[in-house]
Structures are given as C-alpha cells and as structure tokens.
Amino acid sequence: MAQLWGGRFTKETDQMVYDFNASITFDQRLFEEDIEGSIAHVTMMAKQGVLTQEEKESIIAGLNSIKTDVESGALEISTKFEDIHSFVEANLIDRIGDAGKKMHTGRSRNDQVALDMRLYTRKQVVIVDDLLRGLLEVILKTMEENLDTYMPGFTHLQKAQPTTLAHHYGAYFEMFKRDRLRMKDILVRMNQCPLGAGAMAGTTYPLDRAYTAELMHFDGPTLNSMDSVADRDYLIEFLAALSTIMMHLSRFCEEIIIWNTNEYQFVELDDAYSTGSSIMPQKKNPDIAELVRGKTGRVYGALVSMLTTMKGLPLAYNKDMQEDKQVSFDAFDTVKDCLTLFTGMLSTMKFRKDKMAVSAMNGFTNATDAADYLVNKGVPFRDAHGIIGRLVLYCIDKNTSIDALSLAELKEISPVFEEDIYDAVSLETCVEKRLTIGAPGKDAMKQVIAINREYLNI
Ligand code: ARG
C-alpha cells in the first residue's frame with residue numbers, strides 16, 4: 001500500500017478496501033498527461049513566486065527523468081501505488097527529495113485528475129477525427145470512381161429505385177462528415193483548463209490560472225471551481241459522438257454483410273479482411289463487419305454507464321467519478337480499432353458491378369419512372385400510379401419486366417404509351433434524369449463530389 005494521505009489515520013486500510021479504491025491499474029494511461037500537467041503547474045507556481053526557480057527546475061528535471069525511465073522501461077509503474085498521481089509524486093520525492101514534496105502545493109487530486117482526463121480525451125478526439133478523415137478519403141475516392149456503377153436503392157429493404165454506388169456511398173460520406181463536425185465542436189467546448197480549482201473551492205495561493213491554461217494550449221481557465229472538478233460533460237459528449245460513429249459504422253457493416261451474401265454477391269471482401277469456417281470449406285465470412293457491428297453495443301454501454309454514474313452526484317467531486325476511466329478508455333480503443341479496420345476493409349473490397357446492375361434493373365425499380373412518363377404525357381399522377389400498379393401486376397403474372405413488354409401489350413393497359421417508353425424506363429434514364437442536388441444523376445453527383453473534395457482538402 002502506498003498512499004498520500006496517511007496522517008489522519010491510525011489504522012491501516014483493509015487490503016480489499018485499498019484494492020477496491022485504487023485506480024492505478026487503469027489510470028496509468030494518464031501518465032504522460034499527469035507529468036505534462038505537473039510541469040505546467042510548477043512553471044506557473046514559480047512565475048508567481050510560490051516556488052523558487054531552483055525548486056521548479058529540480059521538479060521539472062525530476063518529472064522528465066521519471067517520464068524517460070518509464071518510457072524506456074527502466075521504471076515500471078508499480079501497482080502498489082493508489083493511483084498514477086501518487087506514483088509520480090512518490091517517485092519524484094524519491095529522486096529529488098524535499099523540493100518534490102512541494103509539487104502538490106496549490107493543487108488537489110480532484111483538479112489534477114480533471115485536467116489529466118481532459119488532456120487525454122482531447123488527444124483522443126483529434127485521433128478519432130483523423131481516422132474519420134481517412135475513412136472519408138476512401139469513401140470519396142470510391143464515389144469518384146463509381147459515378148455510373150448502377151445498383152438498386154431500397155426502402156423497407158425492398159427494391160425502390162435505381163441509384164449508383166457513388167450515390168449510396170455519398171450517404172455515408174455525409175454521416176461521417178457530420179461525425180467529424182461533432183469532433184470539432186466537442187474540442188471547442190471542452191478546451192478550458194480545470195487546473196487551479198483545487199479540491200473544489202480554488203486555493204489561497206496566487207495562482208495564474210490563465211497562464212497554466214495557456215501553457216497547455218487551452219483557450220482559458222474554467223470559470224467555476226466546483227464545476228471544474230465535477231464536470232465530465234465533455235466525456236459524455238464525446239461518448240455520444242463515438243456512439244453515433246459506431247451506429248453509422250454498424251449500418252454500413254450491415255449493408256456490407258448483406259451485399260456479401262450469396263444471394264446478393266455485390267461485393268467481394270479481400271482475403272485479408274475475411275475469415276474461413278473450421279468446418280465448411282466454401283465459407284468466407286465477413287467477421288470484421290460483424291465484429292464492428294457487434295462492438296457498437298459496447299460503446300453505447302460506455303455512454304449509458306457514464307450518464308448513469310453522473311446522474312445522482314451532488315457537487316462537487318465524488319469518488320464515483322473514478323468510474324469514468326475504464327469505460328471511456330474501452331470506448332476510445334474500440335472506436336479507433338473499428339475505424340481503422342473498417343477503413344482497411346472498405347478500401348480493399350471489390351464490387352461485382354455486373355451483379356449490381358442486373359439487380360438494379362429487376363424488381364420494378366423503374367416503376368416510378370414509368371408513372372412519371374405517363375404524367376409527362378398529361379395523365380394525372382394518381383391515375384398514372386394506378387395504371388403502373390396494374391402494369392406491375394401484369395408483369396408479375398407473366399414473370400417479366402416493364403421494359404420487356406411489347407408496345408401492343410403496354411397499349412392495352414394504357415393507350416398513352418409510345419415507343420419512347422423504352423428509353424424512359426431504361427436504367428440509365430432512371431438514374432441520369434435525377435439531377436437535383438443530392439440525387440444520383442451524374443451531374444448532380446459531380447457537384448456534390450466537388451464540394452466534398454474541397455471539404456477534405458482543407
Ligand atoms: N483516482 C481518482 C479519480 O480517478 C483521483 C482523484 C482522487 N480524489 C480524491 N479526492 N480521492 O477520480
């Protein structure tokens with residue numbers, strides 16, 4: 001047992017209590033941030049005359065040597081300490097003696113851990129944003145290359161209207177673009193420095209909180225010391241945004257799993273991103289897509305866990321908040337792994353364009369266009385809808401498609417049909433006539449791609 005607060009106690013902590021209370025097995029992840037925060041703190045304290053120049057230099061040199069030793073493996077983060085803060089401080093005192101005992105002046109572990117967690121999370125937000133950017137690159141490239149790769153579009157998982165792969169991928173581009181915007185937004189809101197809040201009521205030392213904030217590239221200090229140590233909103237926001245990313249990935253995975261089925265055969269997964277079966281030699285399973293879909297629940301779990309942990313907490317710090325770490329770290333790791341693997345899987349996946357085009361053509365995906373054709377010839381839309389409905393029934397009965405009927409057959413259902421119906425319901429026309437912004441027609445898609453290309457280039 002190695003703790004910072006023995007003075008008031010006359011009895012040893014029960015070992016099980018100590019273990020239950022300790023956080024070093026997981027908060028050692030905050031090691032780098034803890035050192036960074038301490039360096040900023042003592043730099044400010046020396047500027048304010050609370051620590052001497054020599055004390056500051058000795059503390060910083062000590063902290064840097066601990067960092068070097070941990071990184072090189074010469075010093076192991078020992079789990080006999082209660083938490084990472086105690087480990088660093090005890091080591092510092094070991095190395096530099098009395099000056100080390102002054103490091104914690106004007107600080108509490110409450111504002112220390114609030115700072116460490118914020119610094120760590122800020123880095124994660126940037127990493128996730130970067131991974132999203134990489135994914136968007138792959139999606140946009142596929143869009144650029146597949147402006148006329150036709151495929152069926154669905155509603156209710158029933159064939160609806162034909163579209164293109166570029167258009168379908170474009171939907172995901174917008175989702176992940178919004179996810180990136182959320183990262184940017186979270187960064188703005190979280191970028192205030194809680195250090196200097198002390199345990200909850202600030203300190204009596206003449207801290208320069210704005211200076212500490214500046215040293216760690218925050219936009220400024222937080223404005224209420226109780227909120228500073230009790231706030232984990234930024235984590236909840238980030239976990240909510242991560243959950244949304246996972247929801248998007250999971251939907252995309254679900255589609256890939258469907259496209260990869262024997263019934264669809266729209267895609268061929270790269271061997272490096274699929275797995276076999278121990279019993280069925282023919283199998284090539286989309287395990288990565290399934291796992292990403294599966295891990296979504298885990299990330300949602302972290303969000304719900306944090307919301308629940310925080311909901312009943314009176315101000316200010318409560319030990320419950322130590323529970324923020326494991327679930328958040330797990331969610332960060334999970335999302336980063338999922339984004340990396342999903343991007344790899346997507347960039348190596350091949351499309352069976354022939355199968356996609358055939359599928360786009362059957363299933364009466366051109367029925368809306370056939371109705372629009374009649375409307376253009378003066379038939380009111382509601383009547384046209386009824387006529388095409390009967391036409392579809394006729395085709396189902398004859399096991400054929402609208403474009404395969406003879407003009408005589410068509411005319412029997414409505415005399416309005418002319419020779420130009422065939423062009424009007426061709427796959428190409430169905431897609432290329434949809435030219436309003438956001439629609440799959442090539443010229444509309446090109447405009448959107450140009451906007452998104454520019455967005456990615458900034
Ligand atoms: N391990 C603690 C946490 O993660 C650090 C803060 C401890 N503060 C305290 N008053 N016991 O929240």
Side-chain angles (χ1 to χ4, degrees), residues 139 142-143 146-179 244 246-267 286 289 293 296 346 349 351-376 379-397 399-404 424-442 444-445 448-449:
I139 295 176
T142 309
M143 289 168 70
N146 289 283
L147 281 168
D148 42 25
T149 303
Y150 298 125
M151 66 183 289
F154 296 82
T155 63
H156 312 270
L157 204 51
Q158 306 275 318
K159 282 187 193 170
Q161 290 164 336
T163 184
T164 66
L165 181 59
H167 188 234
H168 198 115
Y169 264 42
Y172 286 103
F173 191 97
E174 297 306 321
M175 294 181 225
F176 294 118
K177 187 166 73 176
R178 287 195 293 275
D179 287 331
T244 309
M246 289 304 293
M247 180 266 289
H248 292 154
L249 284 176
S250 186
R251 292 181 76 171
F252 209 159
C253 284
E254 172 71 13
E255 299 215 85
I256 290 170
I257 292 163
I258 293 173
W259 294 345
N260 185 58
T261 57
N262 202 263
E263 286 71 18
Y264 275 76
Q265 300 181 14
F266 283 8
V267 296
R293 187 178 60 180
T296 303
L346 210 63
M349 192 170 78
F351 294 95
R352 313 264 316 252
K353 299 184 185 181
D354 50 332
K355 304 258 183 202
M356 293 162 81
V358 169
S359 175
M361 253 176 314
N362 59 38
F364 305 103
T365 55
N366 54 4
T368 313
D369 291 80
D372 288 345
Y373 168 87
L374 294 175
V375 170
N376 282 326
V379 181
F381 181 76
R382 204 36 70 205
D383 294 341
H385 190 280
I387 294 168
I388 302 301
R390 287 197 296 283
L391 187 62
V392 166
L393 258 184
Y394 178 85
C395 290
I396 292 172
D397 197 46
N399 194 23
T400 184
S401 58
I402 298 174
D403 41 284
V425 297
S426 78
L427 186 55
E428 206 160 291
T429 310
C430 290
V431 173
E432 297 311 339
K433 267 188 148 175
R434 293 185 152 75
L435 287 171
T436 48
I437 194 87
K442 204 175 293 170
M445 278 307 304
V448 169
I449 287 175

Working to the nearest 0.5 Å, report the span between [atom1] of [X] and [atom2] of [Y].
X    : Y    : atom1 : atom2 : answer
F364 : D403 : CZ    : CG    : 9.5 Å
T429 : D372 : OG1   : CG    : 12.0 Å
T368 : F381 : OG1   : CZ    : 7.0 Å
Y150 : L165 : OH    : CG    : 12.5 Å
H167 : L147 : NE2   : CG    : 11.5 Å
M175 : L249 : CE    : CG    : 10.5 Å

Distance-only, no hydrogens or angles: does the [X] side chain make a donor-acceptor pair with backbone N or O of [Y] under 3.5 Å?
X    : Y    : value
R434 : C430 : yes
T365 : A360 : yes
K159 : S359 : yes

Residue pair [X] / [Y]: nearest heavy atoms and the distance that separates them:
X    : Y    : answer
P286 : I257 : CG-CG1, 4.1 Å
K442 : L435 : N-CD2, 4.3 Å
T296 : S250 : OG1-CB, 3.4 Å
A367 : I402 : CA-CD1, 4.1 Å
V425 : D369 : CG1-C, 4.4 Å
A444 : I437 : O-CD1, 4.3 Å

Neighbour count above 12 (heavy atom, 6.0 Å) for [X] [atom1]:
X    : atom1 : value
R352 : CZ    : yes
N399 : CG    : no
E428 : CD    : no

Hey, are the side chains of Y264 and P152 touching, using non-hydrogen atoms and a 4.5 Å cut-off?
-> no

Do K355 and V358 come within less than 4.5 Å of each other through their side chains, counting heavy atoms only?
->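 When only atoms from C-beta onward are counted, V358 and K355 do not touch, as no gap falls below 4.5 Å.
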
Excluding sequence neighbours, so at least two apart, what forms side-chain contact (heavy atoms from CB on, under 4.5 Å) with M349?
->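 Checked M349 against side-chain contact (heavy atoms from CB on, under 4.5 Å); matches are Y169, I256, V267, L269, L346, F351.
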
Do K177 and E174 meet the salt-bridge criterion of a basic N to acidic O distance under 4.0 Å?
->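 Salt bridge between E174 and K177, a charged N being under 4.0 Å from a carboxylate O: yes.
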
Between N146 and T164, is a side-chain contact (heavy atoms from CB on, under 4.5 Å) present by the stated rule, with each step listed?
-> CA-CA 7 Å; N146 289 283; T164 66; over 6 Å; no

H168 vs W259 aromatic rings, parallel, tilted or perpendicular, using cut-offs 30° and 60°?
->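 Plane angle over 60°, so perpendicular.
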
Go through the steps to decide whether F154 and E255 satisfy the test side-chain contact (heavy atoms from CB on, under 4.5 Å), and finish with yes or no.
-> CA-CA 11 Å; F154 296 82; E255 299 215 85; 5.7 Å; no

